[in-house]
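Working notes, beginning with the structure itself.
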Amino acid sequence: MAILTAHERVRTVMDVLAATYRGRGSVELGEPYRVLVSTVISQRTREEQTTAVSKRVFAHYPDIATLAAAQESELLGLLIGSEYREAKAPRLISMAKILLEKHGGQVPDDIDALLALPGIGRKTANCVLIYAFNREAICVDTHLHKIANRLGWVSTKTPEQTEKALKIVMPRDLWAGSNRLFLQHGRAICLSSALPLCSRCPLQTWCTYAQEPTAPQR
DNA sequence: AAAACGGGGGC
DNA sequence: GCCCCAGTTTT
C-alpha cells in the first residue's frame, strides 16, 4: 500500500468536503468594494445576516465615495444584524475615506495595505485577496483554525500560525477554496461546542479528534 | 497571549 | 433568558 504524502492526504479529505458541500469549494469573484465591505460585515456574523445587511448597505452606499460620505448614525442603523456594528460603522467610514485619499479610490490588492486599514485583520484581508483579486491565499477563520487542528493537520494556537502551517500542508490549488468549504463544515457538523457531530461526519476516518475527542478549540 | 468589545437570532 | 457566532483591537 502506497504511503500518502501530506498533500495527498489533505487533498483526499478536501475532495470529500467538496463533494459533500457541492459548489462551496469554488471561488466566485466579486467587485473589490463589495467584497471588502461585505467581508467586514461578515465578521463574527452568520451568513444569512451578512447577506441581508450587505444588501441594505449597498443599496445606500453603492461605492467607496458614497460610503466615505455616509452619516455614521444612518450606517449604524443599516448594520443591525451584523455583530460589533458600533465599532464597524465608524471604521467603515474612515476606511472608505482612506481608500479615497491614499489609494486613489481603489481597494488595494496588497496584504500590508489591507491590514493597515481600520477594522481589517488577517482574516478579512485574505478574504479580499481571494474573492476580489483571485489570489492564492488562505483565509483562516475560527472554523478553519478549529478543524485543521481537530483533523490533526496542524497543531497551532493562533490563526496566523495556522495559516502558515496550512500553506505547507495544503496543496496550493486548494488554498483559496478552503475558506467556504470549512466554514460550511464547521457550522453544519464540526461545531465549535464541546459536541461536534462526529457520528455524522464524512471525515471521521481521517480525523484525530473523532478518534480521541479533546477539549474543543475555537 | 489574553481580554475587551458587544448585539441579534435561535432555542 | 441563555448561548452562540466568517474577528479586530487593545492591554
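Just so you know, these numbers use all the heavy atoms, side chains as well, and skip hydrogens, waters and symmetry mates. Remember, it's a predicted structure, so these values are computed and weren't measured experimentally.
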| request: With the side chain of D141(A) defined as its heavy atoms from C-beta on, choose the nearest nucleotide among dC5(C), dA6(C), dG9(B). | output: dA6(C)
| Among residues 26-40 of chain A, which contact DNA chain C at a heavy-atom distance under 4.0 Å? | none
| query | Can you tell which of dG7(C), dA6(C), dG9(B) lies closest to the side chain of T124(A)? | reply | dG7(C)
| request: Please tell me which of the listed nucleotides, dA6(C), dT8(C), dC4(C), lies nearest to the side chain of Q43(A)? | output: dT8(C)
| request: Determine whether the side chains of Q204(A) and Y209(A) contain a donor N or O and an acceptor N or O closer than 3.5 Å. | output: no
| E48(A) atom CD, neighbour heavy-atom count above 12 within 6.0 Å | yes
| query | To the nearest Å, how far apart are E160(A) CD and dT9(C) C1'? | reply | 15 Å
| query | Judged by modelled atom types alone, do T66(A) and D63(A) share a side-chain donor-acceptor pair under 3.5 Å? | reply | yes
| Which part of the nucleic acid, if any, lies within reach of P118(A) when heavy atoms closer than 4.0 Å are counted: base, sugar-phosphate only, or nothing? | sugar-phosphate
| said: Measuring from atom CG of L117(A) to atom CG of L92(A), what distance do you get when rounded to the nearest 0.5 angstrom? | reply: 10.5 Å
| In whole angstrom, what separates K146(A)'s NZ from dG7(C)'s C1'? | 15 Å
| So, for I93(A) and E72(A), which heavy atoms are closest and what is the spacing to 0.1 Å? | CD1-CA, 3.6 Å
| query | What parts of residues 81-95 of chain A reach DNA chain B, counting only heavy atoms under 4.0 Å away? | reply | G81(A), E83(A), Y84(A), R85(A), E86(A)
| query | Taking N and O atoms by type only, does the side chain of R187(A) place a donor or acceptor under 3.5 Å from a partner on the base of dC5(C)? | reply | no
| query | Starting at CD1 of I41(A) and ending at C1' of dG7(B), how long is that distance when rounded to a whole Å? | reply | 15 Å
| query | What does I80(A) touch in the nucleic acid at a heavy-atom separation under 4.0 angstrom: a base, only the sugar-phosphate, or nothing? | reply | sugar-phosphate
| message | Using the C1' atom as the point on both nucleotides, what is the distance between dC5(C) and dC5(B), in whole Å? | response | 14 Å
| said: Looking at E160(A) and K164(A), is any side-chain nitrogen of the basic one under 4.0 Å from a carboxylate oxygen of the acidic one? | reply: no
| message | What I want to check is whether the side chains of Y131(A) and N179(A) have a donor and an acceptor closer together than 3.5 Å. | response | yes
| task | May I ask you to say what I120(A) touches in the nucleic acid, namely base, sugar-phosphate or nothing, with a heavy-atom cut-off under 4.0 Å? | result | sugar-phosphate
| Looking only at atom C1', what distance separates dC11(B) and dA6(C), rounded to whole Å? | 22 Å
| message | Return whichever of S42(A) or L115(A) has its heavy-atom-nearest nucleotide of DNA chain C closer to the 5' end. | response | S42(A)
| Close side-chain approach of E83(A) to Q49(A), heavy-atom, < 4.5 Å | no
| query | Reckon Q49(A) touches a base, only the sugar-phosphate, or nothing at all at heavy-atom distances under 4.0 Å? | reply | sugar-phosphate
| On a whole-Å scale, what distance lies between the P atoms belonging to dT11(C) and dG6(B)? | 13 Å
| Any idea which of dC5(C), dA6(C), dA1(B) is nearest the R44(A) side chain? | dC5(C)
| task | Say whether, by atom type as modelled, one donor and one acceptor occur between the side chain of W175(A) and the main chain of M170(A) under 3.5 angstrom. | result | yes
| Which whole-number value in Å describes the distance from L79(A) CG to dG8(B) C1'? | 13 Å
| query | Starting at CG of N126(A) and ending at P of dT8(C), how long is that distance when rounded to a whole Å? | reply | 10 Å
| Flag for N149(A)-S155(A): side-chain donor and acceptor within less than 3.5 Å | no
| task | Using atom CG of N179(A) as one end and atom P of dG7(C) as the other, report the distance to the nearest whole Å. | result | 10 Å
| task | Using the six-membered ring of F58(A), assess whether NZ or CZ of R34(A) lies under 6.0 Å from its centre and within 45 degrees of the ring axis. | result | yes
| message | Check the phosphate of dC5(C) against T142(A), side-chain N and O only, distance under 4.0 Å to OP1 or OP2. Yes or no? | response | no
| remark: Of dT8(C), dC4(C), dA1(B), the nucleotide closest to the side chain of K123(A) is dT8(C)
| task | Hunt down the Watson-Crick or G-U wobble partner of dG7(B), both distances under 3.5 Å, from any strand shown, or write none. | result | dC5(C)
